[in-house]
Number of protein chains: 2
Amino acid sequence: MRIAIAGYGNLGRGVEAAVTNAPDMELVGIFTRRDPASVSVATDTPVLAWEDLPSYVGKVDVVVLCGGSATDLPVQTPELAKLFCVVDSFDTHANIPAHFANVDAASREAGTLGVISCGWDPGLFSLARLYASAVLPNGADYTFWGRGVSQGHSDAIRRIPGVVDARQYTVPVPEAVEAARSGSNPTLTTREKHTRECFVVAEEGADLEVIRQAIVTMPNYFSDYDTTVTFISKEELDANHAGLPHGGTVIRSGRTGLADEFADTIEFSLQLDSNPYFTGSVLACVARAAYRLHEQGKVGACTMLDIPPAMLSPLSAEELRAHLM
Amino acid sequence: MRIAIAGYGNLGRGVEAAVTNAPDMELVGIFTRRDPASVSVATDTPVLAWEDLPSYVGKVDVVVLCGGSATDLPVQTPELAKLFCVVDSFDTHANIPAHFANVDAASREAGTLGVISCGWDPGLFSLARLYASAVLPNGADYTFWGRGVSQGHSDAIRRIPGVVDARQYTVPVPEAVEAARSGSNPTLTTREKHTRECFVVAEEGADLEVIRQAIVTMPNYFSDYDTTVTFISKEELDANHAGLPHGGTVIRSGRTGLADEFADTIEFSLQLDSNPYFTGSVLACVARAAYRLHEQGKVGACTMLDIPPAMLSPLSAEELRAHLM
């Protein structure tokens, strides 16, 4: 199957690697809104201008969109769904229904398939929540993120005057994770579930206490959390905080039995050296499923919750039953 | 949707509880090969004779088979698939392809749907292996079972002369679990992965050393493991080993990046007070999906790997996208 990437940042590099390493996929091109001559990619894949995308209809089976959820994907995914089967990683949870409706309308009209909100959360974690709640309807689930770098929170710190660079780690509170596992179905506040650790490079002469206050009181991002701020040098940031590790855990505890007499716990967790390369790997296998589903005649928008799992694998149904069941 | 249970042991009780507690399912009857008058069930569900099953065509949407994998299901599932949509928990991994073929032939001819090998392994653990291997094709996976009661191994001990009763726990070796998590992709032998703990009630005057030797040298069941045998009284067995707890962990570690430069670990684990009640809960939500898939026109055999996850949930696609993605 012939794949194209639309947008080339960290996530695009992740998809590039995963598609290149997949035996059943061919990476036709990487489309960028920048000047293609200015973009150097990790493989020998052609770098092409975004405006040329329409001329690739019939030459590309699935376009994997690698833009951001704030402003890129809400526009790009419905737009490209008019031309191609598409896969995106739209991750603004509250806006998923609206994004779904837009992509659904565009892709139904065009006879294409659009799989939105793929990755690990939303994505694999959504699947974990779904399977666990279907099997244990009488229960509660808890999602913990980290320890890992939140790029959105790191960016928010970088916008504070006097800040040169920053890296923010989201860290689950161990006691909260244990409480979720215990089966006691505790009510946990935002503050009880995660702490936030900030490593900040300040301009020379900046008032560090002013920066610290600006961070810990920032609404939505930090004010509801116990936040620590550590000022470090640019050298230390580059040496010890260059990566984008992440991960997390979905825990559901619930009860079975006519009178709820048995307690069970289901847990799904990830530990990732590189968030964008892992997310790119998810997008690549969803692209495979999108191609297959569209071949079967499916059109419109869907999510990973709608994809028969076997369609994600390069193995045949017979191989899966014989070796993996 | 109208559900029937075929076979009423521990697993049948688990399905009975899960279906009774589901708001969108009605439990029409429990069919037994014993004299129905001799079977008392936990709810006010009618207990009916196995021979009456054909007269329930049109009155039952899905039959959940709760017999054993050794001799019951290989015969019963294809037989009932000629009349009804069916769900079973066939768990003899090596024979899944043959069982699939038999159920597929019967259900295709009848225009029914048969979902085989549902539960947690095969079942949720198969799904965990599939998702993890699709996302991290360059990696290795490890399945650990326990700590939990293996009913097959307990039965094997009970068949030894001089044994009154027994309970066998399968226990993962902590060092092996850590090695699997480490990302080093270790090669682990059967003996390195699990130990087996046996609690045995012997007849008065029995030669305990002879029983112990018979257990630890038993081929297939114990000879490849480090096995401990503890002789206890019937009272202690009944007091401390009456439950059927189980659980386990699927771990896949793999690498992403063009040159495999990033290491990731995916882990899915279960901790269950009651193996049969949890397995019954899985079968109940698969019965929901079987009903819906058949309504959409799907016939033939399939497994949980073929079921779009959203179909397992009582929630609508809109609710799932709004609240669970």
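The chains referred to below are lettered A, B, ... by the order of the sequence lines, with proteins before strands, and numbering in each begins at 1. All heavy atoms count here, side chains included; hydrogens, waters and symmetry mates do not.
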Validation row: A/Pro309, B/Pro309 side chains within 4.5 angstrom (heavy atoms):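 They are in side-chain contact.
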Non-hydrogen side-chain atoms of A/Leu258 and B/Thr43 separated by less than 4.5 Å: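 Sidechains of B/Thr43 and A/Leu258: in contact.
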Tell me which of these, [options], has more heavy-atom pairs under 4.5 Å with chain B than the rest.
{"options": "A/Ala322, A/Ala310, A/Pro137", "value": "A/Ala310"}
{"options": "A/Leu272, A/Val250, A/Val282, A/Leu136", "value": "A/Leu272"}
{"options": "A/Arg288, A/Glu318, A/Glu267", "value": "A/Glu267"}
{"options": "A/Ala94, A/Ala317, A/Ala134", "value": "A/Ala134"}
{"options": "A/Ser313, A/Gly257, A/Gly280", "value": "A/Gly257"}

Is it the backbone or the side chain of [X] that comes under 4.5 Å from a heavy atom of chain A, or both, or neither?
{"X": "B/Ile96", "answer": "side chain"}
{"X": "B/Asp306", "answer": "both"}
{"X": "B/Leu283", "answer": "neither"}
{"X": "B/Pro97", "answer": "side chain"}
{"X": "B/Asn95", "answer": "neither"}
{"X": "B/Ser274", "answer": "both"}
{"X": "B/Ile307", "answer": "backbone"}
{"X": "B/Thr265", "answer": "both"}
{"X": "B/Ala18", "answer": "neither"}

Residue among B/Ala17, B/Gly243, B/Ala263 with most heavy-atom pairs under 4.5 Å to chain A: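 With the most close heavy-atom pairs to chain A, the winner is B/Ala263.
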Top contributor to chain A interface from B/Asp91, B/Thr256, B/Leu324, B/Leu270 [non-hydrogen pairs under 4.5 Å]: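 Max contact count across the listed options: B/Leu324.
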In terms of heavy-atom proximity below 4.5 Å to chain B, should [X] be classed as side chain, backbone, both, or neither?
{"X": "A/Phe268", "result": "both"}
{"X": "A/Thr303", "result": "side chain"}
{"X": "A/Ile251", "result": "neither"}
{"X": "A/Ser117", "result": "both"}
{"X": "A/Leu127", "result": "side chain"}

Heavy atoms from other residues, nucleotides or ligands near CG of A/Asp24 exceed 12 (cutoff 6.0 Å):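 Buried by this count: over 12 neighbours within 6.0 Å.
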Measuring from atom [atom1] of [X] to atom [atom2] of [Y], what distance do you get when rounded to the nearest 0.5 angstrom?
{"X": "A/Met325", "Y": "B/His99", "atom1": "CE", "atom2": "NE2", "result": "10.0 Å"}
{"X": "A/Asn21", "Y": "B/Asp260", "atom1": "CG", "atom2": "CG", "result": "6.5 Å"}
{"X": "B/Phe262", "Y": "A/Asn275", "atom1": "CZ", "atom2": "CG", "result": "11.0 Å"}
{"X": "A/Leu320", "Y": "B/Arg129", "atom1": "CG", "atom2": "CZ", "result": "11.0 Å"}
{"X": "A/Gln271", "Y": "B/Ile266", "atom1": "CD", "atom2": "CD1", "result": "11.5 Å"}
{"X": "B/Phe278", "Y": "A/Arg255", "atom1": "CZ", "atom2": "CZ", "result": "14.0 Å"}

Backbone of B/Asp273 reached by a side-chain donor or acceptor of A/Asp264 within 3.5 Å: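 At least one qualifying donor-acceptor pair exists.
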Salt bridge (charged side-chain N to carboxylate O under 4.0 Å, His left out) against A/Glu26, all qualifying residues, sequence neighbours excluded: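 Partners of A/Glu26 under the salt bridge (charged side-chain N to carboxylate O under 4.0 Å, His left out) test: none.
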